[in-house]
Amino acid sequence: ATCGQGAFPQNGKEFLKHLSARKEKFSEGTKFAVFGLGDSSYYFFCEAAKQVERRMLELGAEKMLDLGVGDDSAEDGLDGGLHDWLDNVWPALDVPPPAEVPHITPVKVE
């Protein structure tokens, strides 16, 4: 997820710190996929996810899928991007889709 203008959420900062500090390339055959959550009304839309994807590629990992994005400003909300992306995840993983696919439930903070 992205906070504010593309910043990493608190719970992802440690992950990025370790990923950024890594010097060793990933083992051959290491594959990854990234899905970002954000709001396209912000200039740095899904910047956190883009940074993770960029760094994984720099370290030699192979991208399995194009970056997936959930856009809170989209008509179908975050779910639209998630379900479009998941349609490609299962074949990329060579596994059948689960019987029930999760939905993103917004949390109201007051």
Side-chain angles (χ1 to χ4, degrees):
T2 306
C3 297
Q5 287 290 347
F8 260 78
Q10 195 62 36
N11 63 357
K13 288 180 181 179
E14 193 69 18
F15 172 73
L16 180 63
K17 177 181 165 185
H18 288 288
L19 188 62
S20 297
R22 185 181 174 117
K23 304 266 188 262
E24 180 183 331
K25 295 275 189 179
F26 285 107
S27 301
E28 187 175 334
T30 299
K31 298 179 182 185
F32 74 97
V34 178
F35 184 84
L37 300 172
D39 187 320
S40 62
S41 67
Y42 288 97
Y43 183 76
F44 295 107
F45 175 57
C46 285
E47 187 61 29
K50 292 173 186 175
Q51 287 179 34
V52 169
E53 180 180 76
R54 191 168 35 251
R55 186 64 181 142
M56 294 292 291
L57 290 168
E58 289 170 356
L59 292 169
E62 180 185 342
K63 182 168 61 168
M64 294 173 57
L65 299 168
D66 288 336
L67 176 70
V69 294
D71 184 0
D72 203 29
S73 288
E75 187 175 317
D76 51 0
L78 299 169
D79 269 343
L82 173 64
H83 291 286
D84 290 345
W85 186 75
L86 284 175
D87 287 344
N88 296 306
V89 167
W90 313 121
L93 294 173
D94 198 25
V95 298
E100 184 178 337
V101 177
H103 292 275
I104 300 169
T105 305
V107 175
K108 294 192 187 263
V109 178
E110 295 182 34

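Here the structure is a predicted model, which means the values were calculated and not measured.
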Separation of F32 CZ from M64 CE (nearest 0.5 Å): 10.0 Å

statement: In terms of heavy-atom contacts, L78 and G38 come closest through CD2-O, 3.9 Å

task: Starting at CZ of F44, measure out to CG of D39 and round the result to the nearest 0.5 Å.
output: 14.5 Å

field: Gap between atom CG of D72 and atom OG of S41 - 0.5 Å precision
entry: 8.5 Å

Using atom types as modelled, flag every donor-acceptor pair under 3.5 Å from a side chain in residues 53-61 to any protein atom, sequence neighbours excluded.
from	atom 1	to	atom 2	distance (Å)
R54	NH2	E47	OE2	3.3
R55	NE	L19	O	3.1
R55	NH1	E58	OE1	3.0
R55	NH2	S20	O	3.4
R55	NH2	R22	O	2.5

- prompt: Tell me, do W90 and P98 make a side-chain contact under 4.5 Å, heavy atoms counted?
  reply: yes

Pair L86-F35, side chain to side chain contact (heavy atoms under 4.5 Å, CB included): steps then yes or no: CA-CA 10 Å; L86 284 175; F35 184 84; over 6 Å; no

task: Output the distance between atom CG (L65) and atom CG (D87), rounded to the nearest 0.5 Å.
output: 11.0 Å

query: About how many Å separate CG of D66 and CH2 of W85, when rounded to the nearest 0.5 Å?
result: 11.0 Å

task: Give the minimum heavy-atom separation between L16 and F8, together with the two atoms involved.
output: CD2-CE1, 3.3 Å

field: Spacing of D79 atom CG and D71 atom CG [to the nearest 0.5 Å]
entry: 12.5 Å

query: Of all heavy-atom pairs between G70 and C46, which one has the smallest distance, and what is that distance?
result: O-SG, 4.4 Å

message: So for atom NZ, which belongs to K31, do other residues, nucleotides or ligands contribute more than 12 heavy atoms lying within a distance under 6.0 Å?
response: no

- line: Contacts of S27 meeting side-chain contact (heavy atoms from CB on, under 4.5 Å) (sequence neighbours excluded), chain-then-number -> T30

